[in-house]
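None of the values given here were measured: they were computed from a predicted structure. Per chain, numbering begins at 1; letters A, B, ... match sequence-line order.
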Number of protein chains: 2
Amino acid sequence: MSRSASIKDVANHARVAVGTVSNVLNYPDRVSQRTKDRVLLAIDELGFVRNDAARQLRAGHSRTIGLIVLDVGNPFFTSVVRAAEDAAALQGSAVLLGDSGHDASRESNYIDLFQEQRVQGLLISPVGDVTERLDQLRERGVPTVLVDRLADEAKYSSVSVDDDAGGYLAARHLLDIGRRRLAFVGGPTSIRQVADRLQGAQRAVAEVPDASLEVLDSAGQTVLAGRGVGDQLVRRSADDLPDGVFCANDLLALGVMQSLAMLHTLRIPEDIALIGYDDIDFAVSAVVPLSSIRQPTEALGRTAIELLAEELDAMGPTSVRPHHRAVIFTPELVVRQSTAGASAG
Amino acid sequence: MSRSASIKDVANHARVAVGTVSNVLNYPDRVSQRTKDRVLLAIDELGFVRNDAARQLRAGHSRTIGLIVLDVGNPFFTSVVRAAEDAAALQGSAVLLGDSGHDASRESNYIDLFQEQRVQGLLISPVGDVTERLDQLRERGVPTVLVDRLADEAKYSSVSVDDDAGGYLAARHLLDIGRRRLAFVGGPTSIRQVADRLQGAQRAVAEVPDASLEVLDSAGQTVLAGRGVGDQLVRRSADDLPDGVFCANDLLALGVMQSLAMLHTLRIPEDIALIGYDDIDFAVSAVVPLSSIRQPTEALGRTAIELLAEELDAMGPTSVRPHHRAVIFTPELVVRQSTAGASAG
DNA sequence: CCGATTCTTTGAATCGTTTCATTGTTACGA
DNA sequence: TCGTAACAATGAAACGATTCAAAGAATCGG
């Protein structure tokens, strides 16, 4: 259990100066082949591993980027995280991951931690009101990019997905396969995502003269909430039923599907076409594979890192003008069996 | 965009020595109230935030613990991670999370990164053969605890779950509700978890004279693989059918359930009782809520941190004897509707 | 008022790396 | 052979926090 070898130990062992060892590690071209070989051998023999704390102390900042998400268990964020890690690795940075779990105090703790660690920058999908903290960080030279939240370009960079467009896509698809009596199933419209998706759907319906859209409020965003709405539906008389249902997320859609499947009189997609949102793993393996709206999570994660890099560039010692961009992605329609085939009978 | 304030700036601003500022932060009792107030005011006015790199450089080690999991998207690991983070926070450490994604090279990169960061210790559910790396780390004073993998106590500490016991629990439960013709559905038995669960089931069946266990090999561990097995089952004649099915995980069970639900002649649990493994979120919201075996993920995460603390203690300058413990948890039966009611008709 | 004791405060040394001005070395053309 | 580039190697200083021996201040009993 010996203390780790330092660059000084390596220097002694290789009979060179510490500066030379440093050069071998950072500017190999400045060192002659002979010396380089000797140093590398010494490094190997001593099992030397750079001490990142010392590097970072000297450099004034770390080579890490903080990323705080609302819920790592959510496949949406899992995918964003992975993409961000890969993109960061390409530019030689590592990602420190924090999971706020929708809890403002956990979020705040992570911001503290990351600030102590002197991260290069911060990616965050905020829970609480963190604008003050973020402003303070920026003043210290630590830029922020908001993730999955549209920000005022005058203040922050951000990456987000156009939920209105997604809602439009879903409703438009139902209309395209001939459905006219649509229903929207979603939780409280106080959630921005839900409101936007509904709005997009309404926009699509307004474009088709004889189409209608009914809004069915669900108690939440879970499978059980969906089943609650589904149970109401199956109790209706046939001429009162929608022929196309758009759910604000896949869990709700799966719940609705379960209700319809248990009663064996209504068929998907023949009687009711069904589409969800998010394209979670379970969508493809549902009893009837579920059509859905896929969000470009990889692009979100990758772009967030790119925007952060732009912010860092813009803060270079030369230019001090802030540089913000709000990138909005458009989601994508994924058609499966639950909306397959032509129009309803 | 001013440089962050250092402890020196604080000292100047408060007209005290740097050592005093440090004492205020680390040993408040050593400092008089008057001075403390002055220093705290200065800290506040300058917005001083400790530089962790400098602390860590001086201390020789960080206050962080590395945690490398196979897949953060997997609810099992998500839960372990959260518990570990909370337990670490209690003892004043933070957790650096790495997701190897079952990829040995990503895993290796994270070990490199954590070693450069001089983490206090490492929790890992390994992909590749990392014993050499881990031994090297231990020699440097960085202990490791294996997660979700039973280790030889002579070499490592570990936390794991007794899959044999879980398999026994599941099969025993089916037998307890009167089922006798059991079937096990699982992927290749080369996967240790699958083999152990099967073995436990066989043990339970062996205890009941007139019970039998049939093994149905599934192509994988997914919903679709489960549906494949289910489709085979529904084609059988009634007297050739099992009356209790135990699946090696919940996804398989959900697949089997889908097959049976689509054909409307076999009922769950009346004709076939069904139980899964893992107790994922979807289990409770399946068409027929699924009985399952729950793994004590919170205990796993918490205990992993505790074992690491023990290892660190045991490595203190006084004692050098290694101290390893392999803690094995017993999973828990969760009964829902899919195995409800008494014996089969 | 003095010496002893306790409580506060000080500031230089240290951790391991990078940087950079300086010195040392080599090679080459004149 | 010498002067001059071009190239290599050197080692002290700096980054910011913590530690600790030592100095300074306050308190108390006699």
Do [X] and [Y] come within less than 4.5 Å of each other through their side chains, counting heavy atoms only?
X	Y	answer
B:L70	B:F77	yes
B:I328	B:L150	yes
B:D135	B:Y156	yes
B:R133	B:D112	yes
B:L134	B:L122	yes

> Is B:R15 atom CZ crowded by more than 12 heavy atoms from other residues, nucleotides or ligands, each under 6.0 Å away?
Replying inline: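 Result for CZ/B:R15: open.
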>> Below 4.0 Å from chain A heavy atoms, what is the first contacting nucleotide of DNA chain D and what is the last?
In response: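 Range of nucleotides touched by chain A: D:dA8 to D:dG16.
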>> Using a 3.5 Å distance criterion without hydrogens, assess whether the side chain of B:S100 forms a donor-acceptor pair with backbone atoms of B:R106.
In response: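 Between the backbone of B:R106 and the side chain of B:S100 there is no qualifying donor-acceptor contact (under 3.5 Å).
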> Do A:S157 and A:E311 have a side chain donor and acceptor closer than 3.5 Å?
Replying inline: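 Indeed, the side chains of A:S157 and A:E311 share at least one donor-acceptor pair under 3.5 Å.
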> Which nucleotides of nucleotides 11-21 of chain C have their base under 4.0 Å from a protein heavy atom (B), which only their sugar-phosphate (S), and which neither (-), written as one string 5' to 3'?
Replying inline: B-BBBBBBB--
> What pair of heavy atoms forms the shortest contact from A:G121 to A:V142, and how long is it?
Replying inline: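 A:G121 and A:V142 have their closest heavy atoms at CA-CG1, 3.8 Å.
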>> Quick one, B:Q117 with B:T64, criterion side chain to side chain donor-acceptor pair (under 3.5 Å). Give me CA distance, side-chain angles, the key distance, then yes/no.
In response: CA-CA 9 Å; B:Q117 306 247 16; B:T64 54; 5.8 Å; no
>> Just to be sure I understand: a Watson-Crick pair is purine N1 to pyrimidine N3 plus N6-O4 or O6-N4, both under 3.5 Å. Using that and G-U wobbles, which stems of three or more pairs involve DNA chain C?
In response: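 Stems found: C:1-30 with D:1-30.
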